[in-house]
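Worksheet: one structure, shown below.
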Amino acid sequence: MLSSVSPGSGMDGTMVNKDRCLAWRIGGPQGSGVLRMAQIFARACARGGREIYSRREYHSNITGRHSYFDVCVGSRPLFSHRESPRLLVCLDAETLARHAESVEAPGAILYADSDGDVALDALRLLDTRLRDELNRRLDTDDLPRATSGLLERAARRGIRLHPLPLRAWRARLKSEAGNRKAAQRVLNTLAVAASGRLLGLPEADLQAAVAGAFAHKPDVIDLNRAAVGLAYREFAATASPVTLPPGCDRPERLLLGGHEAVALGKLAAGLGLQTYYPISPASDESAFLEAHASVPLADGNRGGPLVLQVEDELAAVNMAAGGALTGARCATATSGPGLSLMTEGLGWAGMNEVPLVITHYQRGGPSTGMPTRTDQGDLQFVIHGGHGEFPRMVIASGDVSDAFDDALRAFDYAERYQLPVIHLLDRALTGCLQTVPRFDPSRHTIRRSKPWPGTADAGSAERFRLTGDGISPRPLPGRPGQQFWTTGVEHGIEGRVSEDPVVREQMMEKRARKLETAAREIPEREKLAVFGDPDAPLTAVTWGSTTGALREVLHDFPALRVLQLRLLWPFPDAELIERLADTDTLVVVENNYSGQLADLIAAHTGHRADHRILKYSGRPISAEALLPALQAIANGKGEARMVLRNPFE
Amino acid sequence: MPQHVRFTPRDYASPEYNDWCRGCGDYGILRALQKALADLSLPPEQVAVFGGIGCSGKTPYYLRANGIHTLHGRVLPFAAGAKLAHPALTVIAAGGDGDGLSIGAGHFVNAGRRNLDLTYLFFNNAVYGLTKGQASPTLPQGEQTRGMAAPNPQRALDPIRLALAAGYTWIGRGYAYDVDHLAHLIIRAIRHPGLAFLDIRQPCPHYDPAHDKAWYAARVKRLDDHDPCLPPGSDVSRRNALHTAIHRILDDETTLAVGVLLEDRSIAPFAEALQRLQPAWPARIPATAPIADAHGRPLARIDELLDRFTV
Ligand code: SF4
């Protein structure tokens with residue numbers, strides 16, 4: 001049974017509380033500065049002590065195709081975006097066509113006056129499906145099949161329209177002294193500044209964010225500062241139906257995305273070598289590491305990783321494994337098909353008990369899938385991928401703060417249990433921006449491998465010595481007495497080939513024992529997080545970035561207990577069995593088609609999810625969309641499988 | 001390890017039972033490698049030998065040194081990773097012709113773009129021994145090994161010409177049963193401060209008895225009148241002249257010239273480029289440099305980076 005739930009529809013009539021955050025959306029052609037303007041706006045809002053959560057949508061394309069960025073601004077920490085913005089800034093007519101229907105009243109649309117009457121048929125990049133849907137709506141209302149018709153529909157819903165004379169403004173900037181070269185992109189700044197003025201964003205905050213963004217180009221700063229000033233003057237008298245929520249006096253926070261948090265965590269962890277092959281969206285992390293590879297150390301020296309782009313993912317994973325053999329902390333980062341190529345190397349690291357970290361940014365699959373869109377379809381793959389049975393650990397981050405902590409933890413787990421660790425993220429967590437408390441690496445205690453105990457002699461080390469906890473002391477090359485052998489062929493304790501059935505059993509059992517040890521040693525708080533009402537009869541279990549939507553929805557739906565699984569393998573079955581024992585209704589929320597976590601829970605705990613709330617359009621789940629689904633469940637109207645859909649994302 | 005310690009080939013002998021076929025060329029290569037390591041006085045724990053998959057991939061088993069048996073075709077990435085993470089180690093990759101030119105061809109070519117200080121011993125017998133005698137990418141068209149149902153329909157790749165095109169900075173060819181000469185070549189390959197490729201021709205008496213010791217004995221000839229050196233600063237015409245000379249040596253099908261074909265010092269070691277990426281490398285060895293203080297707190301100070309994101 002499929003049931004469609006659309007955001008904002010208020011399935012049982014209850015509307016989302018609209019005042020907790022202000023949702024601002026900017027859209028335009030890729031490569032035209034959408035991302036840059038969103039970053040500036042988010043930073044300006046955050047400066048005033050406000051909290052930010054955002055989402056980014058873009059095509060697998062460099063220039064021209066549509067991209068947009070949602071910035072949600074709140075007075076308290078935010079964990080989810082909104083699918084219906086209050087304020088829409090259109091950098092082109094296509095944005096107007098794609099998003100005008102999503103703007104929620106009371107709200108406003110800002111657009112260049114020249115985009116206000118463009119035929120939808122003239123917008124070549126508008127998907128046929130969407131064009132047909134919009135035309136159908138316009139025909140029903142007897143409105144022209146053009147942006148003007150969509151604007152009229154918005155106006156009828158109470159949305160204020162602000163056509164901006166952007167070209168005239170730019171001409172004025174040009175005529176002012178020193179701004180002769182006013183570029184096309186200054187139009188973006190003008191539009192964003194007008195939206196800032198409407199929302200009551202202090203001009204000084206926006207000016208500071210503009211200055212920060214163009215710090216390396218003084219002439220660009222001057223031009224953009226002039227643009228901000230002009231738009232603020234022009235819009236000084238314009239009334240707005242919506243304003244920014246007030247900021248609070250907060251301790252220092254960070255505004256960044258998941259890939260940056262992971263990179264920072266890896267630097268703090270003492271990463272020695274990162275190899276990668278370019279792939280969306282994972283390469284953003286490696287690019288950040290490349291740009292910031294030289295790191296000051298507490299001892300006064302400088303250190304940091306080697307970051308190397310290699311010929312393919314096979315080289316990336318195996319080069320990192322070769323490096324990890326020597327005792328250095330080594331990692332690779334990949335997405336989608338990259339991990340498929342890495343599975344042979346993953347198995348080798350499992351068989352040879354090599355501490356290897358693979359950071360995996362999920363994107364829409366299968367095959368090339370949707371390279372720039374989010375998905376959580378790789379959970380079962382990362383847990384089971386590869387031939388044969390070998391131990392690996394899988395951890396998943398729920399937000400930007402988790403991403404930093406998990407990047408540090410991944411290396412500790414990898415070293416302590418001498419196995420590959422896959423750190424799972426999803427596209428929604430990268431390229432987004434979230435305000436989070438400042439990271440504090442000094443709170444983290446680095447844990448390393450069990451060292452080789454032998455004294456220096458000419459002998460060889462038993463790399464795979466049998467122990468009660470399955471973990472062998474770890475010899476390292478280059479150290480006297482620690483010369484060792486290792487092989488992907490089944491081997492005995494000296495790391496040399498053995499096909500003896502008893503040795504095989506011992507080694508299979510030894511390797512498996514490490515996961516039991518990990519499950520026993522790792523504290524519960526590292527395995528899962530609990531949010532909401534611990535006594536609620538309704539429990540929602542999730543993993544990865546969908547956690548944010550559930551945390552956020554608690555404000556509107558407090559009778560809910562949220563369990564976020566952070567350790568996915570070894571599966572925290574004992575902890576879950578205990579916590580699910582007294583739950584009346586079990587809901588599992590995931591950004592995938594089948595409900596992979598729900599299947600794992602059923603297999604490992606015997607608890608079958610009563611409801612699976614799923615989304616697989618390549619877009620992330622929002623609290624706004626979850627709320628009506630949870631309300632339906634609470635009212636006994638929920639179905640076993642509830643799919644969240646939004647045709648305008 | 002103090003420099004004065006002397007080693008003999010026996011110090012590199014492993015207790016592992018050797019299961020190569022009688023008369024296999026691999027034995028000669030193993031002996032030459034043990035001799036070379038002893039001559040260089042490299043302590044076994046300072047040497048890491050990576051093996052690919054196939055008969056030749058077992059080489060690390062039979063050698064007392066850090067021995068890492070990897071995956072089919074991936075010996076070069078594994079070896080490169082170890083060298084990057086622990087630049088003080090002597091890293092040797094031992095792989096077969098199928099491993100390097102077929103399933104691992106991408107790595108074979110791309111390794112040439114990085115003049116990393118590695119020694120690549122290429123065991124070249126033109127067959128896949130361990131999977132029972134199929135044609136390797138170095139088996140000439142029309143030839144038929146004992147494992148093949150029909151003559152080879154595909155043409156052969158020349159590993160030396162490919163290595164030359166890919167940018168390897170040291171290229172040599174040796175013969176498995178001229179052990180002393182081969183050991184001498186291995187020593188020069190290890191001493192070369194960049195990427196060294198040694199094509200080692202060897203019989204596989206089990207699957208290709210036609211190319212036996214007698215066949216090789218009639219053809220192998222040590223190079224004596226070839227100057228392989230390209231000194232620092234060599235210009236394009238000098239490089240082209242040397243490449244032409246190498247191609248002429250390879251073109252001679254009546255003899256199998258063994259020796260050093262190329263020793264190119266005009267191309268900077270990869271380490272120089274890496275140091276520009278990471279100034280702390282290789283002085284601060286990733287494998288051994290501390291990453292935490294006595295309390296386990298991270299040594300890396302990321303405060304400045306965090307400041308950039310502060311709001
Ligand atoms: S099959 Fe050939 S290459 Fe393999 S061990 Fe036997 S003789 Fe040597």
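We name chains A, B, ... by the order of the sequence lines, and we start the count at 1 in each one. Reckoned from all heavy atoms, side chains included, excluding hydrogens, waters and symmetry mates.
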Under a 4.5 Å heavy-atom cut-off, does chain B meet the side chain of [X], its backbone, both or neither?
| X | answer |
| --- | --- |
| A/Ala209 | neither |
| A/Thr275 | neither |
| A/Pro305 | both |
| A/Arg463 | neither |
| A/Arg438 | side chain |
| A/Glu290 | neither |
| A/Ala268 | both |
| A/Leu267 | both |
| A/Leu264 | both |
| A/Phe288 | side chain |

Take A/Glu311 and B/His107 through the test side chain to side chain contact (heavy atoms under 4.5 Å, CB included) and record every step on the way to the result.
CA-CA 7 Å; A/Glu311 58 268 26; B/His107 309 310; 2.8 Å; yes
So for [X], is it side chain, backbone, both, or neither that comes closer than 4.5 Å to the heavy atoms of chain A?
| X | value |
| --- | --- |
| B/Asp11 | neither |
| B/Ile68 | both |
| B/Asp307 | both |
| B/Ala48 | neither |
| B/Tyr17 | neither |
| B/Ala65 | backbone |
| B/Ile53 | neither |
| B/Arg308 | both |

At a heavy-atom distance under 4.5 Å, which candidate from [options] has the highest pair count against chain B?
| options | value |
| --- | --- |
| A/Gly327, A/Ala320, A/Gly303, A/Ser294 | A/Gly303 |
| A/Cys330, A/Ala461, A/Gly488, A/Ala315 | A/Ala315 |
| A/Leu308, A/Asn301, A/Val307 | A/Leu308 |
| A/His491, A/Glu252, A/Arg302 | A/Glu252 |

Only one of A/Asn352, A/Thr487, A/Thr486 clears side chain to side chain donor-acceptor pair (under 3.5 Å) with B/His69; which?
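Testing B/His69 for a side chain to side chain donor-acceptor pair (under 3.5 Å) against A/Asn352, A/Thr487, A/Thr486 leaves exactly one candidate, A/Thr487.
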Criterion side chain to side chain contact (heavy atoms under 4.5 Å, CB included) on A/Arg448 and B/Ile291, from CA distance to verdict:
CA-CA 10 Å; A/Arg448 308 213 63 177; B/Ile291 58 172; 3.5 Å; yes
Close side-chain approach of B/Arg114 and A/Val310, heavy atoms under 4.5 Å
yes
Would the distance check show the side chain of B/Gln46 and the main-chain N or O of A/Gly478 forming a donor-acceptor pair, the cut-off being under 3.5 Å?
yes
Exam field: side chain B/Trp281 to backbone A/Gly272, donor-acceptor pair closer than 3.5 Å
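Pair absent, no side-chain N/O of B/Trp281 close to backbone of A/Gly272.
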Would you call B/Arg301 and A/Asp299 a salt bridge, taking side-chain N to carboxylate O under 4.0 Å as the test?
no
Please lay out, stage by stage, how A/Glu51 and B/Val311 fare under the test side chain to side chain contact (heavy atoms under 4.5 Å, CB included).
CA-CA 10 Å; A/Glu51 304 286 356; B/Val311 287; over 6 Å; no
Output the option from B/His72, B/Glu16, B/Glu304 having the highest count of non-hydrogen pairs under 4.5 Å with chain A.
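Option with the greatest count: B/Glu16.
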Closest approach of B/Pro298 to A/Pro441 (non-hydrogen atoms, all atoms of both residues)
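So the minimum-distance heavy-atom pair works out to CD-O, 3.4 Å.
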